[in-house]
Number of protein chains: 2
Amino acid sequence: MESLVMYLCRQNTLKMRVISRLGEYGLRALMYMAAQKNESTYFNIRLMSQELDISFHFLTKILQGLTQRGLLQSYRGPHGGIGFLVPPEQITLATVVKALEGEDFFHNCLLGLPGCGERQPCPMHVFWAELRERLRTEFETTTLADLGTQTLEQHLRLKA
Amino acid sequence: MESLVMYLCRQNTLKMRVISRLGEYGLRALMYMAAQKNESTYFNIRLMSQELDISFHFLTKILQGLTQRGLLQSYRGPHGGIGFLVPPEQITLATVVKALEGEDFFHNCLLGLPGCGERQPCPMHVFWAELRERLRTEFETTTLADLGTQTLEQHLRLKA
DNA sequence: CATATTTAAGATAAAATACTCTTAAATATT
DNA sequence: AATATTTAAGAGTATTTTATCTTAAATATG
Ligand code: FES
Ligand code: FES
């Protein structure tokens, strides 16, 4: 039972969301790990969730998904955790985003119409296809390691 | 009460959504109107909703919002409808998208962190800020009229 | 003036997304 | 073997987004 004022208010405050929360949290966690450069060790999810101020259970689930998709490996029990299966130098942002958001992440119509560009491109298609391709290229050529060079405190918004 | 299979299944099929449904429907409707070039007349919302296969009430609400924000004008009663207040040649995509999705549409952090670039840019910032700027420039320099040149049947996915 | 038409406004409902909680499985330590 | 630690799996809840429904206001027409 929400008033229209609130309803419209919410609509006014919509933000451009290129990737979902899932993608945001996943990327932040992976960059956090990449920045540590402890490729051989496992990271504790609870600690990571506290430092990044992300719900522990939610983050666990997201990382679980990345493990199932072969980007990460996990180890249960004391001193267990989550770690890279392939070094962050070899993981592109495109790989991460496609794992988190879906394989066809870079193939969707700007207007949400089905089958972008296949037969009947929408009026936005030429306009959008070029931009999207640039986006894709950037994501394909940037690795997690490329982004892990800056100090953590300044750039990942750690909790404290 | 949903199974994890479905839960993960849904997560697998997420799509890149640069603009929300609101934005998609709004843009499609405005392009439909721009393509007709009947600048002086009012368009019937029900007919438009049928042709574009968008819920009538939902589309009404979206267009209502654009009217309230000064992009469109409406007229009630028989032969009433919705029409441009300024000609589509003068309406940029940026204007539309900002009206539909929020003013700071082109200023959000890719990772959803607050205050993009203001004090503590995230690791994605340099990478993202440039792409976002290109996106913004394209949206700022493209008008509704620019996109209304192609035939409607082929490009707006009219219902039938 | 009565009636039909059309958008405006508000409330409600459904679906999707985001998040939390509980229990199970694996592993190390004692 | 018993216990503590840590991720995996599944179920459940909350919030946001999307869509529908109902009633009101404005306007034209007979
Ligand atoms: S069909 Fe719409 S962007 Fe390709
Ligand atoms: S701070 Fe993250 S993109 Fe600018």
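Each chain gets a letter, A, B and so on, in the order its sequence line appears, and its residues count up from 1.
- Every residue meeting the side-chain contact (heavy atoms from CB on, under 4.5 Å) condition with B:L85, not counting sequence neighbours, appears here in chain and number order: B:Q73.
- Applying the 4.0 Å criterion to OP1 and OP2 of D:dA8, one finds that A:Q68 has every side-chain N and O outside that range.
- The distance from atom CD1 of A:I54 to atom P of C:dC19 is 9 Å, rounded to the nearest whole Å.
- The side-chain contact (heavy atoms from CB on, under 4.5 Å) test applied to B:F56 returns B:I45, B:R46, B:S49, B:T60, not counting sequence neighbours.
- For B:S55, whose side chain is taken as the heavy atoms from C-beta onward, the closest listed nucleotide among C:dT6, D:dA8, D:dT20 is D:dT20.
- When the C1' atom of C:dA8 is taken as reference, atom CG of B:N44 falls 15 Å away, rounded to whole Å.
- Using a 4.0 Å cut-off between a side-chain N of Lys or Arg and a carboxylate O of Asp or Glu, B:R28 and B:E51 do not qualify as a salt bridge.
- Residues B:A29 and B:M48 share a closest heavy-atom pair of O-SD, 4.1 Å.
- Considering only side-chain N and O atoms, B:R46 lies nowhere under 4.0 angstrom from the phosphate OP1 or OP2 of C:dT6.
- Every side-chain contact (heavy atoms from CB on, under 4.5 Å) that B:T142 has, sequence neighbours left out, goes to A:F127, B:L93, B:E138, B:D146, B:L147.
- As a whole-Å value, the separation of B:L59 CG from D:dT20 C1' is 14 Å.
- One can place CD1 of B:I62 at 15 Å from P of C:dA9, the figure rounded to the nearest angstrom.
- In this structure, the CD1 atom of B:I82 is 14 Å from the P atom of C:dT6, given to the nearest Å.
- Regarding B:L47, its CG atom lies at a distance of 10 Å from the P atom of C:dT7, rounded to whole Å.
- With sequence neighbours left out, A:T92 forms a side chain to side chain donor-acceptor pair (under 3.5 Å) with A:T95.
- Proximity of B:Q64 to the phosphate of C:dA9: a side-chain N or O atom is located under 4.0 Å from OP1 or OP2.
- Distances were taken from every side-chain heavy atom of B:S20 (C-beta onward) to each of C:dT20, D:dT18, C:dA9; the shortest belongs to D:dT18.
- Annotation: side-chain contact (heavy atoms from CB on, under 4.5 Å) contacts of A:E130 (sequence neighbours excluded): A:R134.
- The phosphate of C:dA8 (OP1 or OP2) has a side-chain N or O of B:S74 nearer than 4.0 angstrom.
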Nucleotide N/O to protein N/O under 3.5 Å, stretch nucleotides 27-30 of chain D:
from, atom 1, to, atom 2, distance (Å)
D:dT27, O3', B:Y75, OH, 2.8
D:dA28, OP1, B:Y75, OH, 2.3

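- Applying the 4.0 Å criterion to OP1 and OP2 of D:dA19, one finds that B:Y25 has a side-chain N or O inside that range.
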